[in-house]
Structure formats: structure tokens, C-alpha cells
Amino acid sequence: NGNVVPEEDRAENGGWRSGEADRVDLAEQSLLNKLIRHSLVRNRNQVEVLQRDPTSPLYSVKTFEELRLKPELLRGVYNMGFNRPSRIQENALPMMLAQPPQNLIAQSQSGTGKTAAFSLAMLSHVNPANKWTQCLCISPTYELALQIGQVIEQMGKFCPDVKLAYGIRGNRLERGVKLQEQIVIGTPGTVLDWCTKYKLIDPKKDHHVCAGRGRRDDRHTGSPQLTKDCQMLLFSATFEDSVWRFAEQVVSDPNIIRLKREEETLDTIKQFYVVCKGKEDKFTALCNLYGSLTIAQAMIFCRTRKMAAWLTANLSIEGHQVALLSGEMTVEQRAAVIERFRNGKEKVLITTNVCSRGIDVEQVSLVVNFDLPVDLDGNADNETYLHRIGRTGRFGRRGFAVNMVDSEHSMDIVHQIEMHFNRKITKLDTSNLEELE
Ligand code: ADP
């Protein structure tokens with residue numbers, strides 16, 4: 001209809017994006033979380049376990065010793081600084097290492113120990129004396145494959161006879177020569193080519209594990225013909241219906257484990273709104289707030305990339321130090337910014353929704369909604385609001401949220417949010433900030 005909105009003007013609320021773009025987003029998010037997370041995310045929620053055979057005794061482990069790993073593998077695990085299995089690992093590892101092998105579909109938020117779990121399972125299952133590929137690990141993206149490979153290499157540090165090959169683009173191998181590496185980690189396209197076109201891997205030969213991480217990829221539908229007794233393990237941080245249907249098609253008779261994400265609440269957050277006349281006025285209010293922002297760390301949310309860029313530029317001109325996290329940056333650039341912010345090197349981070357969705361930066365104590373979160377119909381997007389400013393029980397420190405209001409419509413949105421959460425949002429006078437102290 002000729003009304004093409006330039007990319008930088010589009011709201012980064014995800015609503016207009018195609019499934020494809022979202023899919024990439026989630027894989028990227030998973031990668032970003034891998035790059036910035038140095039330790040396990042603790043979760044107090046119960047693990048939900050659906051056993052394929054409900055009569056077999058449910059068994060979970062509290063120590064890695066109970067798993068009777070090869071000593072060199074146990075050494076690798078401890079060498080990574082792991083003392084005990086994580087929540088999801090307690091239940092998943094015994095199933096993954098059981099004899100005969102069992103299939104598993106597992107879901108838990110990123111950072112809860114899934115990669116470590118299936119890396120351990122693969123390393124534990126391979127027979128280093130056999131010089132052929134015994135485990136295939138499929139990752140949704142190139143970068144994630146590299147990340148997972150690093151984990152396998154680190155954990156397998158004391159298993160020198162176990163070798164790893166990367167089935168990723170650019171890694172060309174000679175046709176017909178069988179791979180000797182026991183583990184192959186790669187992306188769907190290349191790994192499938194290696195199996196079917198180049199016959200580098202014999203999928204019928206003594207396969208123990210086929211571990212997959214992440215999301216459905218259409219190329220997957222032509223998955224290599226694996227033998228019936230091949231163990232299938234599928235891990236994902238999210239499980240919407242389409243992924244779920246796919247998982248159940250591919251993985252026969254699975255055990256299912258789910259770990260619910262800890263829910264954010266607004267209980268420890270003081271919420272305010274500031275009345276402004278327009279963009280410039282919001283900017284002035286923000287400048288007045290700047291001193292309070294930098295007491296701890298703050299995140300400022302804008303609706304579009306263009307607005308985020310404008311705000312960053314203008315705050316910089318005023319001499320304020322701010323960092324920008326925006327959709328046009330590469331994954332590496334974004335990871336670098338998040339890392340600096342996480343380490344406290346940056347105090348104020350300006351971003352859009354899409355960019356920060358799913359990324360946990362724990363120490364933020366003040367969130368500014370420069371633009372309020374709205375859905376495609378212009379109504380309050382309560383879920384996004386909760387994600388932005390809410391806290392999980394584990395970070396239950398006090399926090400503040402400031403909402404910039406510049407029209408009757410945005411005032412109305414604030415009221416909608418107030419009603420939805422049944423929490424008062426108080427008017428704040430930015431020339432008198434005592435309430436924020
Ligand atoms: P996921 O795949 O669910 O995103 P990871 O396996 O990458 O999670 O684990 C997240 C972080 O926690 C990584 O830094 C990893 O080294 C660490 N980790 C994993 N398992 C344990 C454990 N049992 N004890 C301590 N740290 C762990």
C-alpha cells in the first residue's frame with residue numbers, strides 16, 4: 001500500500017516480525033546469554049518430570065559422583081568449577097545416562113545448565129576406542145555451535161582420545177572419507193550434508209546420542225536416517241506449540257522435563273510516572289533524573305531504534321555517559337555492550353524491546369520507560385512491562401520504575417497498567433526527586 005515504514009522507525013515490539021525473524025532472535029538471545037553468563041542461573045521452581053515409564057522409580061542425583069562417570073570426565077566437570085548438578089541436571093542426567101538409553105525432551109530457561117548436561121551425556125557415552133562418529137549435536141546457529149563446542153572441549157579436557165568435529169559452514173571435508181571424530185557438533189544444513197551427500201558420517205553405525213538444542217529448523221525435516229536405538233535428546237529454553245509438536249514427532253517415547261522460569265513480580269518495585277509535553281520534554285526530565293540513574297544502574301526503553309539512537313546521541317551531547325544496545329548491531333557488538341553493562345562499566349543502557357528481551361541483567365535498580373510498552377492495537381502491553389521492570393524472587397531487591405507520559409493516550413496506558421497489576425503508579429516531579437532517594 002506504499003506505506004512502508006523505514007526499518008529504524010518501526011516499533012521494536014516484535015509484533016510485526018515474521019516467525020522467521022523471531023526464530024533467529026531466540027537463537028541470538030540464547031547466544032547472547034551464553035556470552036554474558038558466567039554462572040548458573042538459580043531457580044527455585046519445581047522441576048516437572050513426565051516419565052515415559054511411570055512405573056520405573058524416579059531417581060535424581062545430588063552429586064556428580066552418583067552418576068558413576070569415567071574418572072577423567074568427572075575431573076573435567078570439577079575442573080569447570082561445578083560442585084553439584086544444577087536443578088535440571090539433577091533429574092535429566094540420570095535419564096540421559098541410563099542404560100538402555102532413554103529419550104528426553106527438556107525445557108528450562110537459558111543459563112540453567114542444559115548445555116553442560118548434554119555435553120556431559122555425549123562425553124560419557126562415546127567409546128574413544130571407536131574411531132567413528134557416535135554423537136551428533138545439532139545447534140540452531142553457527143555461533144552457538146562454536147559455544148557448545150567449547151563446552152565439550154573444556155569438559156572433555158582430560159579425555160584426550162575423544163575428538164570433536166565442527167559441522168559448520170566453511171568446514172569442507174573430503175567426500176567419502178569417513179570422519180574419525182566421535183562427536184560432531186554443527187548446524188542442521190552442514191551436518192545433514194555430511195550424513196547424506198558426502199557420507200562422512202554413517203548414521204546407522206553405533207549411534208548413541210543425537211542431541212539437539214534450540215529450535216525447529218525446516219531443513220531438519222530431512223533428518224538423517226538414524227537407527228531406532230539412537231538416543232535422542234532435545235533441549236530448548238522455550239517450548240511454544242510448534243516446537244513442541246516438532247519435538248514429539250522426532251523424539252519417540254520421550255521423558256519430559258520442564259523447569260518453569262521464576263516469575264517476575266512487581267512487589268518490590270516503586271512505580272512512578274512523569275508528565276511531559278513531548279519528546280524534548282521527556283529528554284529534559286531524563287536529564288534531571290540522570291543523577292539518580294547513575295546511583296546504581298539503569299535501563300531506558302525506547303519504542304524504536306531511531307528513538308534509542310536519538311536519545312543516546314543527545315544524552316552524550318549533554319555529557320552523560322550512556323551505552324546503546326540496538327537491533328542493527330551485530331551479535332558480537334551487542335554481547336560486548338551487555339558484558340560491559342553487566343560488569344558495571346556502563347551505568348546507563350538505552351535499548352529497545354527486542355534487543356533486551358530474554359536477557360537477564362540482574363543488577364538494574366531503575367528502569368525508565370521513555371516510551372511505554374504497547375501492543376499492536378496501542379493498548380498497554382502488560383507482559384512486556386512486567387518483563388522490563390519486574391524482579392524474580394531471587395533478585396528481590398528494591399527497584400524503581402519511571403514511566404514517561406506525553407499524551408492522554410500514554411496516561412491512559414499507565415492507568416491500564418495500574419489496573420492490571422493492581423499497584424499504584426505515583427506521579428513524580430522530576431524537579432523534586434526526594435522520593436527516588
Ligand atoms: P543453558 O544451556 O541452559 O543455557 P549452561 O549449560 O550453558 O546453561 O550453563 C549456564 C552456566 O552455568 C554456564 O556458565 C555453565 O558453565 C554453568 N553451569 C552449568 N552447570 C553447572 C553446575 N552444575 N554447577 C555450576 N555451574 C554450572
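Counting starts at 1 for both ligands and their atoms, following the listed order. When reading the values below, keep in mind they use all heavy atoms of this one structure, side chains included, and skip hydrogens, waters and symmetry mates. Positions are given from 1 along the sequence.
In this pair, W310 and F370 present their aromatic rings tilted. The plane angle is within the 30 to 60° band.
Each of L69, I152, V151 was compared with L123 under the side-chain contact (heavy atoms from CB on, under 4.5 Å) criterion, and only I152 meets it.
Within the 6.0 Å centre-distance limit, the rings of F235 and F118 are counted as a close aromatic pair.
Set against the non-hydrogen atoms of R84, the atoms of ligand 1 under 4.0 Å away are 22 (C), 23 (N), 24 (N). In the vicinity of S110, heavy-atom distances shorter than 4.0 Å reach the ligand 1 atoms 4 (O). Contact atoms of ligand 1 toward S86: 23 (N) (distance under 4.0 Å to a heavy atom of the residue).
For residues 176-195, the set of pairs meeting the salt bridge (Lys or Arg N to Asp or Glu O under 4.0 Å) definition, not counting sequence neighbours, comprises D193-K197.
With sequence neighbours excluded, the residues forming a salt bridge (Lys or Arg N to Asp or Glu O under 4.0 Å) with R340 are E346, listed by chain and number.
In this structure, A165 and W194 approach most closely via the heavy-atom pair CB-CZ3, 4.3 Å.
Taking distance alone, with nitrogen or oxygen atoms compared against 3.5 Å, A116 approaches ligand 1 more closely than that limit. Annotation: T112 places an N or O atom under 3.5 Å from an N or O atom of ligand 1; distance criterion only. For ligand 1, none of its N or O atoms has an N or O atom of F82 under 3.5 Å away. Some N or O of G111 is nearer than 3.5 Å to an N or O of ligand 1, by distance alone. Residue contacts with ligand 1: Q89 is placed with a nitrogen or oxygen under 3.5 Å of a nitrogen or oxygen of the ligand (distance criterion only). In terms of N/O distances under 3.5 Å, ligand 1 is not approached by N83.
At least one heavy atom of F64 sits less than 4.0 Å from an atom of ligand 1.
Within 6.0 Å of the NZ atom in K70, the count of heavy atoms belonging to other residues, nucleotides or ligands exceeds 12.
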